[in-house]
Asker: 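First the structure, then my questions, so here it is.
Sequential numbering from 1 along the given sequence is applied to the chain's residues. These numbers come from the heavy atoms of this one structure, side chains and all, not from hydrogens, waters or symmetry mates.
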Amino acid sequence: MKVLIVHAHNEPRSFNSALKDCAVEQLSGAGHEVQVSDLYAMNWNPVASAADFGCRANPDYLVYALEQRHNFEAGTIAPDIAAEIAKVQWCDLLILNFPLYWFSEPAILKGWIDRVMISGVFYGGKRIYDRGGMRGKRALVSLTLGGREHMFGPQAIHGDIHTLLRPLLQGSLAYCGFEVLPPFIGYHVPYVSAEARAQILADYGQHLQALDDQQPLVFPSMDDFDDRLMPLQR
């Protein structure tokens, strides 16, 4: 298996970085090929702008998604974007590893999604969900947060964690055709003991070893909708 880990934490000695290192060790040790895009170490530019395009289809008015498509086909998209697209096309499994910021991913990772998951390659028209450009690939989210596990759930104060992560799990990954595996979450990590952190790492290692046994999350299938994307009457 070919694995791309996109890592978004600004401290190399953080526990979140230890999760990334655990994934590299476990997956490489199992014989898989692993690449890491460490966004902070790369000084990744998260800002989607006209500077991403070397040859504008419309120099007078920027429609970012249309320029993504045009410039990728023309070979004039920014080199940093092209390099990351190639990594995603190469991989069988994409892992997004990050700390939760304000119920979401850090801005640097959101900017990676904005700039890399381009129209025409990852999605386009009715090429979405199980017909998306990344169909056949899997995606896994691994994240750390400060809250306790009991704070997340249907009746919990913050609500269900999958609902909280829906813009990422469904709106980005599943939308582009990835088969999305259940996320791995390290709870309360700034406040727990070294022993508890070691257990989280051990649990993550087991999670990675059991990827083939995990049931993907369920998202819409295009077979259940008509040409107008209205639900079919069964």
Side-chain angles (χ1 to χ4, degrees), residues 1-9 15-39 84 87-100 103-106 109-110 112-113 116-117 122-123 127-145 149 152-154 159-187 189 199-224:
M1 184 169 61
K2 299 173 182 177
V3 183
L4 172 62
I5 303 173
V6 180
H7 174 59
H9 198 290
F15 183 76
N16 189 268
S17 296
L19 277 183
K20 177 262 297 179
D21 293 339
C22 174
V24 172
E25 180 180 348
Q26 288 281 339
L27 295 167
S28 298
H32 305 300
E33 298 179 63
V34 181
Q35 292 192 61
V36 177
S37 289
D38 185 335
L39 299 184
E84 294 302 296
K87 292 178 189 178
V88 180
Q89 291 177 320
W90 165 86
C91 78
D92 303 304
L93 172 66
L94 171 67
I95 299 178
L96 303 182
N97 188 78
F98 60 93
L100 196 70
F103 283 21
S104 186
E105 65 267 29
L109 178 55
K110 179 58 167 64
W112 184 91
I113 293 169
V116 172
M117 294 173 65
F122 285 74
Y123 70 96
R127 292 177 58 248
I128 56 176
Y129 292 115
D130 53 349
R131 298 181 190 172
M134 297 297 111
R135 63 190 179 279
K137 299 179 184 292
R138 295 186 292 176
L140 169 67
V141 167
S142 57
L143 66 131
T144 52
L145 47 78
E149 188 169 1
F152 299 88
D160 183 76
I161 191 70
H162 289 171
T163 301
L164 183 150
L165 294 172
R166 183 182 176 190
L168 176 60
L169 300 177
Q170 178 173 352
S172 297
L173 296 171
Y175 185 83
C176 291
F178 287 100
E179 188 175 78
V180 184
L181 300 175
F184 181 85
I185 303 164
Y187 290 97
V189 294
Q199 185 60 56
I200 294 171
L201 288 173
D203 292 343
Y204 188 38
Q206 293 179 353
H207 190 85
L208 293 170
Q209 292 172 15
L211 292 179
D212 291 339
D213 299 326
Q214 296 175 23
Q215 290 297 315
L217 303 179
V218 177
F219 293 108
S221 169
M222 293 295 286
D223 291 339
D224 294 328

Asker: Distance-only, no hydrogens or angles: does the Lys137 side chain make a donor-acceptor pair with backbone N or O of Gln89 under 3.5 Å?
Answerer: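 Such a contact is found between Lys137 side chain and Gln89 backbone.
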Asker: Are the side chains of His32 and Leu93 in contact, using a 4.5 Å heavy-atom criterion?
Answerer: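 Not touching, per the 4.5 Å side-chain cut-off.
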Asker: Go through the structure and list residues passing ring pair (Phe, Tyr, Trp, His ring centres under 6.0 Å) with Phe103, not counting sequence neighbours.
Answerer: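 Ring pair (Phe, Tyr, Trp, His ring centres under 6.0 Å) list for Phe103, sorted by chain: His158.
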Asker: Quick check: closest heavy atoms across His207 and Pro183, and the distance to 0.1 Å?
Answerer: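 Shortest heavy-atom contact: CE1-O, 4.3 Å.
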Asker: Minimum heavy-atom separation for Ser172 and Ile113, please, with both atom names.
Answerer: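 It is OG-CG2, 3.9 Å.
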Asker: Can you list, pair by pair, the side-chain donor-acceptor contacts under 3.5 Å of residues 22-31, counting residues two or more places apart and other chains?
Answerer:
unit_1 : atom_1 : unit_2 : atom_2 : d
Gln26  : OE1    : Gln209 : NE2    : 3.0
Ser28  : OG     : Val24  : O      : 2.8

Asker: Side chains of Asp212 and Arg138, heavy atoms from C-beta outward: is any pair under 4.5 Å?
Answerer: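 Yes, their side chains come closer than 4.5 Å.
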Asker: Does atom CZ (Arg131) have a neighbourhood of more than 12 heavy atoms from anything else shown, all under 6.0 Å?
Answerer: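 Count over threshold, so yes.
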Asker: Short question: side chain of Asp160, backbone of Pro154 - any donor-acceptor pair under 3.5 Å?
Answerer: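 The answer is no, because no donor-acceptor pair under 3.5 Å joins these two groups.
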Asker: Can you tell me how far apart CG (Asn97) and OH (Tyr204) are? Round to the nearest 0.5 Å.
Answerer: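 Result: 5.5 Å between the selected atoms.
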Asker: Rounded to the nearest 0.5 Å, how far does SG of Cys91 lie from CE of Met1?
Answerer: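 Met1 CE to Cys91 SG: 10.0 Å, rounded to 0.5 Å.
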Asker: Restricting to ring pair (Phe, Tyr, Trp, His ring centres under 6.0 Å), what partner residues turn up for Tyr129, sequence neighbours left out?
Answerer: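 With neighbours one apart ignored, the set is Tyr175.
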Asker: Applying side chain to side chain contact (heavy atoms under 4.5 Å, CB included) to Leu19 and Phe184, what does each step give before you reach the verdict?
Answerer: CA-CA 10 Å; Leu19 277 183; Phe184 181 85; 4.1 Å; yes
Asker: Between atom CG of Leu173 and atom CZ of Phe219, what is the distance when rounded to the nearest 0.5 Å?
Answerer: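 Atom-to-atom, Leu173:CG and Phe219:CZ are 8.0 Å apart.
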Asker: I want to check something: taking the side chain as every heavy atom from C-beta on, are Leu100 and Leu165 in contact at a cut-off of under 4.5 Å?
Answerer: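 Counting from C-beta outward, Leu100 and Leu165 do come under 4.5 Å.
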Asker: What is the distance from atom CG of Leu4 to atom CG of Leu96, rounded to the nearest 0.5 Å?
Answerer: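 Rounded to the nearest 0.5 Å, the CG-CG separation comes out at 8.5 Å.
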Asker: Could you walk me through whether Leu94 and Met134 pass the side chain to side chain contact (heavy atoms under 4.5 Å, CB included) check?
Answerer: CA-CA 10 Å; Leu94 171 67; Met134 297 297 111; over 6 Å; no
Asker: After noting the C-alpha distance and the side-chain angles of Phe98 and Val141, does the key distance pass the side chain to side chain contact (heavy atoms under 4.5 Å, CB included) rule?
Answerer: CA-CA 8 Å; Phe98 60 93; Val141 167; 3.6 Å; yes
Asker: With rounding to the nearest 0.5 Å, note down the distance linking CD1 in Ile5 to CD1 in Ile95.
Answerer: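 Going from CD1 on Ile5 over to CD1 on Ile95, the span is 4.5 Å.
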Asker: Between the side chains of Lys87 and Ser37, is a donor N or O closer than 3.5 angstrom to an acceptor N or O?
Answerer: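 Yes.
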Asker: Have His7 and Asp38 got a donor and an acceptor in their side chains that come within less than 3.5 Å?
Answerer: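 No, Asp38 and His7 have no side-chain donor paired with an acceptor closer than 3.5 Å.
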Asker: Could you grab the distance from atom CG of Leu143 to atom CG of Leu109, nearest 0.5 Å is fine?
Answerer: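 With rounding to 0.5 Å, CG (Leu143) is 11.0 Å from CG (Leu109).
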Asker: The test is side chain to side chain contact (heavy atoms under 4.5 Å, CB included); show your working for Ile185 and Phe152 and say whether it passes.
Answerer: CA-CA 11 Å; Ile185 303 164; Phe152 299 88; over 6 Å; no
